[in-house]
Amino acid sequence: MKTSQFFLNTLKDNPSDADLVSQRLMVRAGLIHKLGSGLFTWMPLGFRVLQKVEAIVREEMNRIGALQIVMPNVQPAELWQETGRWNDYGTELLKIVDRHERAYVFAPTHEEVITHIARGELRSYKQLPVCFYQIHTKFRDEIRPRFGVMRAREFLMKDAYSFHLDNASLAETYQKMYDAYTRIFTRLGLDFRAVEADTGSIGGAVSHEFQVIADAGEDALVFSDSSNYGANLEKAEALAPKNSPSVSQKTKELIHTPGKRTIKAVCEFLKLPETQSIKVLLVKGTENDMVALVLRGDHEVNPIKAEHHPLIAVPFTFADEKLVESKVGCAVGYLGPIGLTEKNIPVIVDRDAAVLTDFCCGANQVEYHLVNVNWQRDCPLGEVFDLRNVVTGDLSPDGNGTLVIKRGIEVGHIFQLGNKYSTSMNATVVDEKGQPVMMQMGCYGIGVSRTIAAAIEQHHDEHGIVWPTAMAPFQIALVPMNYHKSQRVREATDTLYRELQEAGFEVLLDDRNERAGVLFADMDLIGIPHRLVLGERGLDNGLIEYKARVAKEVQEVKLTDLMSFLDTILRVKHYIE
RNA sequence: CGGGGCAUAGCGCAGCCUGGUAGCGCACCUGCUUUGGGAGCAGGGUGUCGAGAGUUCAAAUCCCUCUGCCCCGACCA
């Protein structure tokens, strides 16, 4: 490809509305063009990158036997009413009406349609397991689209759905997907980790997220510093404390703490470490109007974990403050665990709060706190449950090492769905005995467009994008000096351009009549991994200049050795199982 | 949805307070010079000042309504 025949539209200025490096660079390099909030056109250069990622995803899906299809994005409302998601999905679901006033959705995901297909097309256990996938746009009416294609409303996704007779088969395909995802992100050249994830409202037992490690990531990830343990913050556990409270030698004491409503203020006032305090959160319950959650003062509640407790209402919601005051008799800020059970407020205690001795807490009395409080002696313990977010330095739940927290960008997510959709949509096959069996399902997504933004977050420098080889829109930038003035250079360049193309390299010849600086700057900005510069000086000596985008220094290569040189550094590295 | 802000050339912005010729930088087009890291000179404006209604002799500017976009927060697979 020659730049004169391509559409290279680079900008010097940063777009005013870009918050992330990747977003700025994608606009400046001319990869994308914004149409509206969360809506983007992929311009020719960006589309080439998109196709690179798609091709790798497709290869790896095909390798594990998944079958590509394309499903409609406009889907009848009836299917969504059948699973209940017409109402449950919330405002992210874009509903549309056609000229006959019939209701449709613009699909944010395709479980309904694929399950509809499966119940119609799959009849016998002999057809199972089977896995379909598509690479297609989705629309989610995000409350706040941001970060360019990272959190867009319309975006490109690979979604796969598998169908099984039993859970063992589902687990087998799930593992194949896990391995395929690992190969995909490895081939793409990304620094990523698979972490355990909460399955949330989608249900099912097992789920992993594939996360690209980047400071700009929206997700907090937890890893052990000395084992393979990894989970997102919602899911991550710490090792439960093994000790139990020691026997107290101190007497409980009521202390006047005027205006001290926060843990920080109370502990400073009492000259106690926050680790020696507890806090009480009152939240809405399922059976009671409120439930008390007790955590150590320095810890933070994890709403997702709390929602797993049957007494705690979903979604996690704090109890109304007025109700708290009328029922407990004091304002939030002076709450403590003593006497709550008697007021018909169940008490659920985090594991780390349950092992404290001589702690301080609110007295359930305005402007008073208690010190040297002890479980059992002063207050029944209540149920012990894991309620908190882990923090850096906690012990890894597998007993190996301590936990560290990093940021990540979620680029893939795999679920063992089980029979949630097959049940609500009655998708069965007959087994060996001719009996109908509800199919088990898995679903597996990759955010294709988001992956590209994630790659840039991870691979850029002050000059622009530094594409991992597998994603680059072109492999080689051929930059001639004085192409339009020097016939020698032009002829040598054109010859080399042909040879490179014939050798199978994707080469971008920058034949624009611009100054060298412009050519260099643009080739750096758009991140082509390898650059060849041909000028009269070099031709005199039979040399060409090579520079890797990642390298600081250039090197001279003999023109006669060029092909074998390129062959060595550019040899396509096929992933080896 | 709550709070805040913005909307003027393809992009980034000034002009608005105090009403009176539509501006700047980049980009773009023409010519000359230049040519190994975002060149210089000269010329060129490609605009429904987001939309509608209003005040006024006169509105980018003042008033009202609407729309779009951005930021913070809450929401969410």
Side-chain angles (χ1 to χ4, degrees), chain A residues 7-20 23-24 27-30 33-39 43 83 85 88-93 107-111 138-148 151 153 155 157 159 197-204 207 209 218-219 232 234-235 303-304 307 314-318 410-415 417 420-421 443-447 450 462-464 477 479-486 489 510 512-526 531-539 543-545 547 552 554 556:
Chain A
F7 183 77
L8 198 60
N9 234 10
T10 56
L11 297 173
K12 282 190 212 172
D13 291 332
N14 278 318
S16 65
D17 56 2
D19 303 306
L20 293 187
Q23 194 181 358
R24 286 199 285 272
V27 172
R28 283 190 50 209
H33 181 271
K34 181 171 153 176
L35 181 64
S37 180
L39 304 172
M43 299 301 283
T83 58
R85 291 211 290 184
D88 297 347
Y89 203 93
T91 47
E92 269 186 40
L93 183 64
T109 175
H110 284 69
E111 280 85 8
K138 297 267 183 288
F139 188 93
R140 294 183 186 172
D141 198 359
E142 294 281 348
I143 291 171
R144 189 141 91 83
R146 58 185 130 180
F147 304 145
R151 182 164 291 281
R153 293 196 293 175
F155 58 99
M157 184 172 180
D159 47 323
D198 191 89
T199 50
S201 59
I202 210 160
S207 174
E209 290 171 351
E218 294 187 272
D219 297 338
N232 69 20
E234 292 177 352
K235 170 86 174 177
I304 306 287
E307 285 174 359
V314 178
F316 179 92
T317 317
F318 283 105
E410 181 187 348
V411 291
H413 202 160
I414 57 178
F415 288 95
L417 277 180
K420 177 177 164 126
Y421 295 94
C443 75
Y444 319 91
I446 289 179
R450 177 185 281 187
E462 68 272 28
H463 301 297
V479 183
M481 295 294 101
N482 285 317
Y483 184 82
H484 293 264
K485 273 278 177 69
S486 161
V489 169
D510 201 344
R512 292 176 297 172
N513 189 9
E514 292 284 354
R515 298 168 68 86
V518 175
L519 308 186
F520 290 144
D522 274 348
M523 292 304 109
D524 283 350
L525 175 61
I526 67 175
R531 186 183 79 189
L532 294 170
V533 178
L534 198 54
E536 295 217 327
R537 243 175 20 216
L539 282 176
L543 294 173
I544 189 165
E545 179 189 296
K547 180 178 170 297
K552 287 209 165 53
V554 301
E556 305 263 83

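Each chain gets a letter, A, B and so on, in the order its sequence line appears, and its residues count up from 1.
Taking each heavy atom of A:Glu218 and A:Arg146 in turn, the nearest pair found is OE2-NE, 4.5 Å. When every heavy atom of A:Arg512 is checked against every heavy atom of A:Val518, the shortest pair comes out as NH2-O, 4.3 Å. Nearest heavy atoms, A:Glu111 versus A:Cys443: OE2-SG, 3.7 Å. A:Ala197 and A:Asn232 get closest at one heavy-atom pair: CB-ND2, 3.7 Å.
For B:G73, the paired base is B:C1 (Watson-Crick or G-U wobble, both distances below 3.5 Å). Both distances falling under 3.5 Å, in either a Watson-Crick or a G-U wobble arrangement, occur for no nucleotide opposite B:G47. Nucleotide B:U30 forms a pair with B:A42, judged by Watson-Crick or G-U wobble geometry with both contacts under 3.5 Å. In a base pair of the Watson-Crick type (N1 to N3 plus N6-O4 or O6-N4) or a G-U wobble (N1-O2 and O6-N3), with each distance short of 3.5 Å, B:A9 is matched with no nucleotide. B:C16 is unpaired under the Watson-Crick or G-U wobble criterion, no partner having all donor-acceptor distances under 3.5 Å. Searching all strands for a Watson-Crick or G-U wobble partner of B:U35 with both distances below 3.5 Å returns nothing. Base pairing annotation: B:A53 forms no Watson-Crick or G-U wobble pair, as no partner gives both donor-acceptor distances under 3.5 Å.
For the OP1/OP2 pair of B:C71 and a distance below 4.0 Å, the side-chain nitrogens and oxygens of A:Arg144 include at least one atom meeting the criterion. Side-chain nitrogen and oxygen atoms of A:Lys34 include none within less than 4.0 Å of the OP1 or OP2 phosphate oxygen of B:C69. Remark: A:Ser16 is in phosphate contact with B:C13, judged by side-chain N or O atoms under 4.0 Å from OP1 or OP2. For B:C70, the OP1/OP2 oxygens have a side-chain nitrogen or oxygen of A:Ser37 closer than 4.0 Å.
A:Glu142 contributes no side-chain N or O that forms a donor-acceptor pair with the base of B:A77 under 3.5 Å. Evaluation of atom-type donor-acceptor distances gives a pair under 3.5 Å for the side chain of A:Asp13 against the base of B:G25.
Comparing the same atom, P, in B:U55 and in B:U61 gives a spacing of 15 Å after rounding to whole Å. Rounded to the nearest Å, the gap between the P atom of B:A39 and that of B:G45 is 25 Å. One C1' atom belongs to B:U18, the other to B:A9, and the distance between them is 27 Å to the nearest Å. Rounded to a whole angstrom, the distance from the P atom of B:G40 to that of B:U34 is 15 Å. Separating the C1' atom of B:C62 from that of B:C57 is a span of 16 Å, rounded to the nearest Å. Spacing of P atoms, B:C13 relative to B:C70, comes out at 14 Å, to the nearest Å.
Residue contacts shown for A:Glu410 include a base, since a base heavy atom lies under 4.0 Å away.
Taking the syn range as angles within 90° of 0, the glycosidic angle of B:U21 is syn.
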Protein-proximity profile, nucleotides 36-50 of chain B, B/S/- by nucleotide at the 4.0 Å heavy-atom cutoff, equals BBBB-----------
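Take A:Glu307 and apply the salt bridge (charged side-chain N to carboxylate O under 4.0 Å, His left out) test, not counting sequence neighbours, and it matches no residue.
Both A:Asn9 and A:Asp88 lie close to RNA chain B; mapped to their nearest nucleotides by heavy-atom distance, the more 5′-ward contact belongs to A:Asn9.
The A:Asp19 side chain lies nearest to B:C71 when the options are B:C71, B:C70, B:U35.
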